[in-house]
Engineer: 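The following block contains the structure, expressed as structure tokens.
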Number of protein chains: 2
Amino acid sequence: MLESHQYLRQFSIKPSVQRSAVMNFLLKNRIHPTIDEIYLALSPSMPTLSKTTVYNTLDLFVEKGAVRALAIDEKNARYDVDISAHAHFKCRSCGSIHDIFDLNANMYQLPENKSFKIDSIEISYFGICEHCIGN
Amino acid sequence: MLESHQYLRQFSIKPSVQRSAVMNFLLKNRIHPTIDEIYLALSPSMPTLSKTTVYNTLDLFVEKGAVRALAIDEKNARYDVDISAHAHFKCRSCGSIHDIFDLNANMYQLPENKSFKIDSIEISYFGICEHCIGN
DNA sequence: ATTATCTTTGTAATTGTTTCAAATAAATAA
DNA sequence: TTATTTATTTGAAACAATTACAAAGATAAT
């Protein structure tokens, strides 16, 4: 929990109890969680926590560059504390999202383009995960 | 409209009036439209058209492989009749989505992976478009 | 012509997200 | 410290996208 405190400061985010709890969850659970997953996980130990706070908190984290919002899931926003350049895999069957590999300089290189000022890239793979193949 | 008819058959989709109209719109308007955009565009000339039908129709098109659903926009599902391997760009400011370039064999190659059975890839770039820079 | 099947429609329910104003907590000034 | 300002959290309500579902309509098969 103290770690999250420190971690937040690195991104100039004032650490409140709620923010530290959310960041702590993200750091310890690398599952690209939805807002709901975060809320449900923290709610038992923080009964007064509001879902709006979780929304606010993640908006702030994204704005400060501490967390990356993923578009890979059409249903819910997904959040990733790992801000390094890497691709994701989403299972069509169970919906789980996994880190799949680091992007090499080739892929990660943002192309020059006269019509668009490009500032980021998201690479997503889709298919069926090991666990779901076994069923 | 006859073209759409033919086009649908290529994907073994039985062409109804509604399906042909939707496909025709997609073929003539390469804007990666949302359900709502399609509905609003067709509604004037097809007053009885229901939004549920547009949802059903696009689900069917995707299932039959005639259309690709894009995850690039967190708010709404986006649909693309161009099923060739190409990347997209989304403007953070106006939300418009554009084809940006064809994927070369390098990028499009689906990697072998022991944990996941990968069947598709989506590459998305984000930034600001020409038009929005000018404002 | 009758029956069965497929497709469309409209309404209602559900889900994810946003808005907003009041309540609480933290920071600053007197 | 106490008072005052500022930031954060909260819960309720509004909103938007999507899904569920049953009835109506169209198409195909007998």
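Chain A is the first sequence line, chain B the second, and so forth, proteins listed ahead of strands; every chain is numbered from 1.
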Engineer: What I want to find out is whether A/D80 reaches A/R68 closely enough, with some N-O distance under 4.0 Å, to be called a salt bridge.
Structural biologist: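 So A/D80 does not pair with A/R68 through a salt bridge.
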
Engineer: How close do B/H98 and B/S96 get, heavy atom to heavy atom, and via which atoms?
Structural biologist: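 Scanning both residues, the minimum pair turns out to be NE2-OG, 2.8 Å.
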
Engineer: For this output row, return yes or no: ring centroids of A/F89 and A/Y125 closer than 6.0 angstrom.
Structural biologist: no

Engineer: Search all heavy atoms of B/R78 against all heavy atoms of B/G95 and return the closest pair with its distance.
Structural biologist: NH2-O, 3.2 Å

Engineer: Look at the side-chain N and O atoms of A/T34 and state whether any lies under 4.0 Å from the OP1 or OP2 oxygen of C/dG16.
Structural biologist: no

Engineer: Starting at OH of A/Y39 and ending at C1' of C/dG16, how long is that distance when rounded to a whole Å?
Structural biologist: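 In whole Å, C/dG16 C1' and A/Y39 OH are 14 Å from each other.
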
Engineer: Check whether any side-chain N or O of B/T52 sits under 4.0 Å from OP1 or OP2 of C/dT9, and answer yes or no.
Structural biologist: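 Negative; the distance criterion is not met.
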
Engineer: I want to verify a distance call: between C/dT9, D/dT18, C/dC6, whose nearest atom is closest to the B/K14 side chain?
Structural biologist: C/dC6

Engineer: To the side chain of A/T53, which of C/dT17, D/dT18, D/dT10 is closest?
Structural biologist: D/dT10

Engineer: Kindly point out which of D/dG11, C/dT8, C/dT9 is positioned nearest to the side chain of B/R19?
Structural biologist: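 In terms of side-chain proximity for B/R19, the closest of D/dG11, C/dT8, C/dT9 is C/dT8.
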
Engineer: Give me the atom names and distance for the closest heavy-atom approach of A/S50 to A/Y39.
Structural biologist: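 Residues A/S50 and A/Y39, closest heavy atoms: C-CE1, 4.0 Å.
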
Engineer: Atom OH of B/Y55 and atom P of C/dT11: how far apart are they, to the nearest Å?
Structural biologist: 16 Å

Engineer: How many Å lie between CD on B/E63 and P on C/dC6, as a whole number?
Structural biologist: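 The answer, rounded to whole Å, is 14 Å.
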
Engineer: Any side-chain N or O of B/S16 under 4.0 Å from OP1/OP2 of C/dT7?
Structural biologist: no

Engineer: Nearest-Å distance, CG (B/N56) to C1' (D/dA22)?
Structural biologist: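 Whole-Å distance recorded here is 13 Å.
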
Engineer: How long is the line joining CZ of B/F61 and C1' of C/dT8, in whole Å?
Structural biologist: 14 Å

Engineer: Can you check the A/Q18 CD to C/dT24 P distance for me, whole Å?
Structural biologist: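 So the CD-P distance, A/Q18 to C/dT24, works out to 14 Å.
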
Engineer: Expressed in angstrom and rounded to an integer, what is the separation of B/K51 atom NZ from C/dG10 atom C1'?
Structural biologist: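 Rounded to whole Å, this separation is 13 Å.
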
Engineer: Mind calculating the distance between NZ (A/K75) and P (C/dT14) to the nearest angstrom?
Structural biologist: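 Going from A/K75 (NZ) to C/dT14 (P), I get 16 Å.
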
